[in-house]
Number of protein chains: 2
Amino acid sequence: MPFVVVRCDMPRKRLTREESREQTRLRLLDAAAAVIVKKGLAGTSVEDIAGHAGYTRGAFYSNFKSKTDLFIELLKSDHAQIQQDLQQLLEADLSNEDLQKQLAQFYGQCYRDHNSYVLWAEARLHAVRDARFRQRMNTLCLEKRDMIASFITQFNQRMAQPPLPAPAPDLALAMMALIDGMLYFNMSMPGEMSDAATGSVLSTIFAATFFGPQAGPPA
Amino acid sequence: MPFVVVRCDMPRKRLTREESREQTRLRLLDAAAAVIVKKGLAGTSVEDIAGHAGYTRGAFYSNFKSKTDLFIELLKSDHAQIQQDLQQLLEADLSNEDLQKQLAQFYGQCYRDHNSYVLWAEARLHAVRDARFRQRMNTLCLEKRDMIASFITQFNQRMAQPPLPAPAPDLALAMMALIDGMLYFNMSMPGEMSDAATGSVLSTIFAATFFGPQAGPPA
DNA sequence: GTATTCAAATACGTAGTTGTATTTAAATTC
DNA sequence: GAATTTAAATACAACTACGTATTTGAATAC
């Protein structure tokens, strides 16, 4: 889902300076996402990015302080999108569909596509090494956690189920870890685990956690 | 847990050529592991590795074909260790300790330490990009899966529990994904999720999967 | 329409990386 | 102990990457 806006209103409008600048920014971000997914963050040069977007390094440095700088912006955009998707899910689809469907959607929405997920995997690894970066990323992750926590709380209330076995934010974190685990796994071993298997594993876990009789964790 | 053998039998034995060669090999592998964890696979130069091991690039190219070559060897060694650990667990500790303890051990043994796990995370990302590498890695992963499948089967028999809700290898794969999810999560967000929470989440899931009443996944 | 501003291109110097080719010194062989 | 072998060091040449400094040309302001 690229950033670049809908192009080409018929009369090929001559761009103002600001518009033009914004356009190259977006193009650079798109290009960066594509190239980084393909070659990895460290394996991608500034020139790669600029080149893939149809510019030279000059354009890059005129728009971003550094590769890391751009990368963070990339993650922020993606994060914003994810949050928006979740928000939507939280508001709209909380009617009485069955658990399975909810899950499927939920799972599918967590990251927008394969590329998005690879990007975050890259980010995680980078976070291990760069404390400052890690902090920034954790902020985003905790925002997501809170969103999911809301989802859990609402879901639990709506379904009038037994009380949650742990604080919603904790459960949210756990669910994130689990879902990420599945995605992460499928990322590098595609096809090894069928979608059906993935889904049923997740539904088992969800069921156990939110409906299970003796299943609740003590902490 | 470095590779280098116990050094220094008192009389400082003069090394034979072969021994010496093997020693530098091991030192290079150790150094590589350390540096790659710290700076990432792509961010690590051959010189970094050789230097950290106390050699020059000459020694490196005399022992390995390329960085990737060394990396694969690194993973193989680590994998062998992991398999050995699991094997041991499978044979030894299947007496009647309670589930919690089993789990704790199981979880703790899956990767030898933080560094080991980071290495595998790096490998996953690399696998996304390199089909050949991916194949090689999948072989290792499936070996591990089979080991865990044995564990599951034995565990289930020993405990005389209800029949497994899915073929053991499938369950094994799912469990790997889940455990990896937790580890992966804790890798980049250390401290965000307490060990207690991690443990209880896992035990919940295990319980649900292997003991749960209606909890088993259909597939 | 001329002057100014600024986005992006180009030029440049430095530093780092790679793989091979050659050398050197220690270990082995005879 | 001289000749040979070979692990590892050194030398080398081509390349890539970075960031800055400067230039260029189109868009704005006057």
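Proteins get letters first, then strands, A, B, ... in listed order; numbering begins at 1 in each.
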Sort me out a list of protein N/O and nucleotides 23-25 of chain D N/O pairs below 3.5 Å, or just none if empty.
none

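Within 4.0 Å (heavy atoms only), A:T56 reaches at least one base atom of the nucleic acid. Residue contacts shown for A:Y61 include a base, since a base heavy atom lies under 4.0 Å away.
With B:W120 as the fixed residue, the side-chain contact (heavy atoms from CB on, under 4.5 Å) test singles out one of B:D180, B:L183, B:I82: B:I82.
Side-chain contact of A:S45 with A:D48: a donor-acceptor pair under 3.5 Å is present, judged by distance alone.
When distances run from any side-chain atom of A:A59 to the nucleotides D:dC18, D:dA8, C:dA9, the shortest one goes to C:dA9. Nearest nucleotide to the side chain of B:R21, out of C:dT28, D:dA7, D:dA17: D:dA7. Listed candidates were D:dA11, D:dA17, C:dA8. Nearest to the side chain of B:R57 is D:dA11. For A:S45, counting side-chain heavy atoms from C-beta on, the closest listed nucleotide (C:dT17, D:dA8, D:dC18) is D:dC18.
Taking B:F185 as the reference, nothing meets the ring pair (Phe, Tyr, Trp, His ring centres under 6.0 Å) condition, with sequence neighbours excluded.
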* Structure fact -> The dot-bracket string of DNA chain C, counting Watson-Crick and G-U wobble pairs with both distances under 3.5 Å, using [ ] for crossing pairs and | for pairs to another strand, is ||||||||||||||||||||||||||||||

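A donor-acceptor pair under 3.5 Å links the side-chain atoms of B:R129 to the main chain of A:V37, judged by distance alone. Under a 3.5 Å cut-off, the side chain of A:K67 and the backbone N or O of A:T44 do form a donor-acceptor pair. No donor-acceptor distance shorter than 3.5 angstrom exists from the side chain of B:S20 to the backbone of B:T16, with no hydrogens or angles considered.
Taking the six-membered ring for Trp and thresholds of 30 and 60 degrees, B:F71 and B:F133 have nearly parallel ring planes, at less than 30 degrees apart.
Considering only side-chain N and O atoms, B:S20 lies nowhere under 4.0 angstrom from the phosphate OP1 or OP2 of D:dA7. Under 4.0 angstrom from either OP1 or OP2 of C:dA9 there lies no side-chain N or O belonging to A:S62.
For the pair B:F60 CZ and C:dT20 C1', the computed distance is 15 Å after rounding to whole Å.
Both tests hold for A:R124 against B:Y184: distance to the six-membered ring centre under 6.0 Å, angle to the ring axis within 45°.
Where B:S66 and A:N63 each meet DNA chain C at their nearest nucleotide, the meeting point lying more 5' is that of A:N63. Sequence order on DNA chain D of the closest nucleotides to A:E18 and A:G58 puts A:G58 first from the 5' end.
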